[in-house]
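One structure is given below, represented as structure tokens, and several questions about it will come after.
Counting starts at 1 for both ligands and their atoms, following the listed order.
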Amino acid sequence: MSVEKKDFKKITTNVLQQMKRDGEKISMLTAYDFTMAKMVDAAGIDVILVGDSASNVMAGHETTLPITLDQMIYHASSVIRAVDRALVVVDLPFGTYQGNSIEALNSAIKVMKESGAHSVKLEGGAEIIDSIRRILTAGIPVMGHLGLTPQSIYKFGTYTVRANDEAEANKLIEDAKLLEETGCFAIVLEKIPAHLARKIAEAIKIPVIGIGAGAGVDGQVLVTHDLLGMTHEFSPRFLRRYLSLYQDITKAIKSYVKDVKSVDFPSDKEQY
Ligand code: KIV
């Protein structure tokens with residue numbers, strides 16, 4: 001699937017739900033800027049996530065907590081300008097939806113109005129259900145996010161696999177059903193046992209997109225910079241790297257530095 005010739009159908013939440021019914025897997029990747037989003041969309045990805053992982057990948061923070069709503073809107077509007085086909089989902093950042101449902105609605109409306117995004121994603125289940133319900137009443141599609149929810153890293157204390165014990169697994173199943181009943185169009189499940197993710201994907205009708213959640217779900221999401229090997233220090237077991245761009249880019253830049261120092265660049269052909 002390539003979108004070079006504009007012979008494609010735009011991806012909507014309904015299209016994603018039909019894909020689940022048809023057994024067609026959903027592909028999802030992150031993007032935070034125009035240039036990357038152009039390539040990701042042109043390659044035929046179904047969903048682009050403007051993730052709050054921008055806080056780590058773009059800004060170099062240790063966690064996703066510091067990124068602000070305005071910073072997310074800046075990233076999202078750059079992505080939206082690049083995208084022709086994919087559905088664009090934007091993370092509501094930490095502290096913009098947990099307080100109360102009016103705050104959540106205002107945050108979601110601001111993202112939709114100022115970036116042109118197609119939907120928002122929120123982390124959590126029963127504890128934020130009023131916020132999700134209120135956002136949905138404004139006609140804004142919501143994607144849920146359960147399992148390892150990085151905005152709660154200081155509660156978990158570690159980024160290891162979640163829901164290994166029965167109590168947490170049962171809560172996860174209940175939360176997934178609640179998000180479906182409330183009207184979420186899809187759910188991300190992050191870093192949970194594959195057998196549990198499969199069970200959840202089979203128990204609900206909306207698409208379940210996994211990251212570190214095995215092959216039994218309805219689609220997969222990764223952080224594009226990880227997949228391309230631009231972030232070389234982060235190597236979780238679930239990550240498949242398709243390129244080693246950290247090495248390739250530093251090698252290319254070393255060559256440029258050498259050429260500038262030796263006055264090999266610019267050559268006669270590279271000047272006016
Ligand atoms: O912010 C993000 O990149 C995410 C994905 C890891 C699902 O939420």
**Request:** Answer yes if the side chains of Q151 and Y97 hold a donor-acceptor pair under 3.5 Å, and no otherwise.
**Result:** yes
**Request:** Write out all pairs satisfying side chain to side chain donor-acceptor pair (under 3.5 Å) with one or both partners inside residues 256-266, taking only residues at least two apart or from two chains.
**Result:** none
**Message:** Any donor-acceptor pair under 3.5 Å linking the side-chain atoms of Y154 with those of T63?
**Reply:** no
**Message:** Once you measure the plane-to-plane angle for Y32 and H75, does it fall in the parallel (<30°), tilted (30-60°) or perpendicular (>60°) bin?
**Reply:** perpendicular
Give a table of atom pairs where an N or O of ligand 1 lies under 3.5 Å from a protein N or O.
{"unit_1": "ligand 1", "atom_1": "1 (O)", "unit_2": "D52", "atom_2": "N", "d": "3.2"}
{"unit_1": "ligand 1", "atom_1": "1 (O)", "unit_2": "D52", "atom_2": "OD1", "d": "3.1"}
{"unit_1": "ligand 1", "atom_1": "1 (O)", "unit_2": "S53", "atom_2": "N", "d": "3.1"}
{"unit_1": "ligand 1", "atom_1": "1 (O)", "unit_2": "S53", "atom_2": "OG", "d": "3.2"}
{"unit_1": "ligand 1", "atom_1": "1 (O)", "unit_2": "D91", "atom_2": "OD2", "d": "3.1"}
{"unit_1": "ligand 1", "atom_1": "3 (O)", "unit_2": "S53", "atom_2": "OG", "d": "2.5"}
{"unit_1": "ligand 1", "atom_1": "8 (O)", "unit_2": "K121", "atom_2": "NZ", "d": "2.9"}

**Prompt:** So which pairs with a foot in residues 181-201 pass side chain to side chain donor-acceptor pair (under 3.5 Å), sequence neighbours left out?
**Reply:** H145-E190
**Message:** Holding to side-chain contact (heavy atoms from CB on, under 4.5 Å), I want the full list of residues that pass it with L239, two or more places apart in sequence or in another chain.
**Reply:** L222, D226, P236, R241
